[in-house]
Amino acid sequence: MTSLFQEKVFKIVAKIPKGETMTYKRVALFAGKPRAYRAVGNILNKNADPKIPCHRVMRSDGKIGGYNRGAEIKESLLKKEGVVIRNRKIVH
DNA sequence: CGTATGACGTGCA
DNA sequence: GTGCACGCCATAC
């Protein structure tokens, strides 16, 4: 399954600095397919590698969204990294 | 190869 | 500000 899109997505997500967050749309845009934000979430969902900080990827609305290990874990990790969350939403 | 699904996004009521 | 419907792309079956 070494699709180019998936590889790009992983690479981009892995480059997200600690304490920073990126939206699915932004990742898809960096991957070269600004309309593939859906596919980005799908790929991350089916691959969920512990090496990939996919918990730093959220929705454009600032919502936490989902996580393979549970959205609660995702929120906890973000908070731990210094991300300020307000009502389950990222304070940008 | 065609249909269905999903960690989404935007628009409109 | 909230909720619903449509659209969009890559995978899975």
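Here the structure is a predicted model, which is why all the values come from computation and not from measurement. When reading the values below, keep in mind they use all heavy atoms of this one structure, side chains included, and skip hydrogens, waters and symmetry mates. Letters A, B, ... are given to chains in the order of the sequence lines, protein chains preceding strands, and every chain is numbered from 1.
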- Closest contact, heavy atoms only, A/K25 versus A/P34: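 Where A/K25 meets A/P34 most closely, the heavy atoms are CG-O, 4.3 Å.
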- Task: For residues A/A71 and A/G65, report the shortest heavy-atom separation together with the two atoms involved.
- Result: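 Distance-wise, the nearest heavy atoms are CB-O, 3.8 Å.
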Between the protein and nucleotides 11-13 of chain B, are there any N/O to N/O pairs under 3.5 Å, and if so, what are the atom names and distances?
none

Could you pull out every donor-acceptor pair under 3.5 Å between side chains of residues 5-23 of chain A and any protein atom, sequence neighbours left out?
{"from": "A/Q6", "atom 1": "NE2", "to": "A/N47", "atom 2": "OD1", "distance (Å)": "2.9"}
{"from": "A/K8", "atom 1": "NZ", "to": "A/A31", "atom 2": "O", "distance (Å)": "3.4"}
{"from": "A/T23", "atom 1": "OG1", "to": "A/R26", "atom 2": "N", "distance (Å)": "3.1"}

- Apart from A/V84 itself, which Ile, Leu, Val, Met, Phe, Trp or Tyr residues share its cluster (side-chain heavy atoms under 4.5 Å, direct or through members)?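 Via sub-4.5 Å side-chain contacts, A/V84 links to A/V91.
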- Query: Under a single-linkage rule joining Ile, Leu, Val, Met, Phe, Trp and Tyr whose side-chain heavy atoms are separated by less than 4.5 Å, which residues share a cluster with A/L4?
  - Reply: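 Answer for A/L4: none, a lone residue.
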- Query: Taking CZ from A/R26 and C1' from B/dG9, how many angstroms apart are they, rounded to a whole number?
  - Reply: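 Computing the A/R26:CZ to B/dG9:C1' distance gives 15 Å.
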- Task: Report the distance from atom CD1 of A/I43 to atom CD1 of A/I52, rounding to the nearest 0.5 Å.
- Result: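 One gets 12.0 Å once the value is rounded to the nearest 0.5 Å.
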- Query: From A/E75 CD over to A/I73 CD1, what is the distance, rounded to the nearest 0.5 angstrom?
  - Reply: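 Spacing of CD (A/E75) from CD1 (A/I73) equals 10.0 Å.
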- Task: Heavy atoms under 4.0 Å is the rule here; annotate nucleotides 5-13 of chain C 5' to 3' with B where the base is hit, S where only the sugar-phosphate is, and - elsewhere.
- Result: --BBBBSS-
- Any residue meeting side-chain contact (heavy atoms from CB on, under 4.5 Å) with A/Y24, in chain and number order, not counting sequence neighbours: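 With sequence neighbours excluded, A/Y24 shows a side-chain contact (heavy atoms from CB on, under 4.5 Å) to A/Y37, A/V40, A/L44, A/V57, A/R59, A/K74, given in chain and number order.
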- Of all residues at least two apart in sequence or in a different chain, which pass the salt bridge (Lys or Arg N to Asp or Glu O under 4.0 Å) check with A/K46?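 Listed in chain order: nothing, the list is empty.
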- Query: Who are the salt bridge (Lys or Arg N to Asp or Glu O under 4.0 Å) partners of A/R56, not counting sequence neighbours?
  - Reply: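 A/R56 satisfies salt bridge (Lys or Arg N to Asp or Glu O under 4.0 Å) with A/E81 only.
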- Got a sec? Which of residues 62-90 of chain A come in under 4.0 Å of DNA chain B, heavy atoms?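 A/G66, A/Y67, A/N68, A/K74 - these, ordered by number, are the residues of the stretch whose heavy atoms sit under 4.0 Å from the strand.
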- Item | Interface residues of residues 10-25 of chain A with DNA chain B (non-hydrogen, below 4.0 angstrom) |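 Heavy-atom contacts with DNA chain B come from A/Y24, A/K25.
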- With sequence neighbours excluded, give me every side chain to side chain donor-acceptor pair (under 3.5 Å) pair touching residues 63-72 of chain A.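 Every side chain to side chain donor-acceptor pair (under 3.5 Å) pair that includes a residue of residues 63-72 of chain A, provided the two are not neighbours, is A/N45-A/N68.
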- Going only through I, L, V, M, F, W and Y residues with side-chain contacts under 4.5 Å, is there a path from A/L77 to A/I85?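 No, A/L77 and A/I85 fall in different hydrophobic clusters.
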